[in-house]
Amino acid sequence: MRRIGGGPRLPALLVNPVGGTTGLWRRALVDLARERPLVAWDHRGLYESGPPEAGGLRPPAHAEDALAALDHHGAGRFVIVAWSNGVRIALELAHRAPERVAAVAAVCGGYAHSPAAFFQHLNPAALLPPLAGVTKHFASLLQGPFRALVTRPELTGVVRQSGLVGANADTAALVGLLRAMASCDLDRLLATYEAVAGDDGRRL
């Protein structure tokens, strides 16, 4: 867990997508850190966070970890800034501690999907969590090639020219994300993604 910045406004909790780091926010952090403290933590078993002892990998467990990080840094009320599947954790957090959450900024996120959503709404994103669940069984075979791929110097150009990101995207940050993800245990990374992105939170 970490705290950066300062200022008089309410602290902001940064909720990364699974495998994300604060490097993803580098353009926004400069301004945010001038006006308020920023608190972030690593998801269970990823980066500086140890493997989970209990509680699993579903969004409620990550929400409890976020509250523990906020309590550690003395943050009472706070705002949430979440991106991608981190929004699913943010929704869980706002549901569990509504008296402490002053606002939520949800960037390109949703409430996650059960596999049934593919058949109900023909939503292809609903297939990604079960795909991660299958792929984790081959993580030991994929870990080495994935790490070798992200170290290649031409990766930045490939990402920029792929058509998958906009012309003004922070390509260096995206490449940094891929390289950071490759440093994680791939089995745990995929299991965490499956647990978060596959947990349907429409009730929230």
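Every heavy atom of this structure was used, including side-chain atoms; hydrogens, water molecules and symmetry mates were not. Given the structure is predicted, the values throughout are model-derived calculations rather than measurements.
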#### Entry: Under 3.5 Å donor-acceptor, Asp187 side chain and Ala139 backbone
no
### Query
Which heavy atom of Leu10 sits nearest a heavy atom of Ala102, and at what distance?
CD1-CB, 3.6 Å
### Message
How close do Pro17 and Ser84 get, counting heavy atoms only, and between which atoms?
### Response
CB-CB, 3.7 Å
### Message
Has Arg88 got a side-chain atom pairing as donor or acceptor with Asp199's backbone, closer than 3.5 angstrom?
### Response
yes
### Query
For Ser49, does its backbone N or O pair with a side-chain atom of Arg44 as donor and acceptor, under 3.5 Å?
no
#### Entry: Heavy-atom neighbours of Glu48 CD exceed 12 at 6.0 Å
no
### Message
Looking at His73, I'd like to know if its NE2 atom is crowded, meaning that more than 12 non-hydrogen atoms belonging to other residues, nucleotides or ligands lie closer than 6.0 Å.
### Response
yes
### Gly20 to Leu177 - nearest heavy-atom pair and separation
CA-CD1, 3.7 Å
### Task
Say whether, by atom type as modelled, one donor and one acceptor occur between the side chain of Arg100 and the main chain of Ala75 under 3.5 angstrom.
yes
### Greater than 12 external heavy atoms within 6.0 Å of Arg203's CZ
yes
### Query
What is the minimum heavy-atom distance between Leu29 and Leu38, and which atoms define it?
CD2-CD1, 3.3 Å
### Message
Given 3.5 Å as the limit, does a donor-acceptor pair link the side chain of Arg179 with the main chain of Val150, or not?
### Response
yes
### Task
Grab the two heavy atoms, one from Trp41 and one from Ala66, that are nearest each other, plus how far apart they are.
CH2-CB, 3.6 Å
### Query
Where do Trp25 and Thr21 come nearest, in terms of heavy atoms and distance?
CD1-O, 3.8 Å
#### Entry: NZ/NE/NH1/NH2 to OD/OE distance under 4.0 Å, Arg58 and Glu92
no
#### Entry: Short side-chain to backbone donor-acceptor contact, Asn85 and Val18, under 3.5 Å
yes
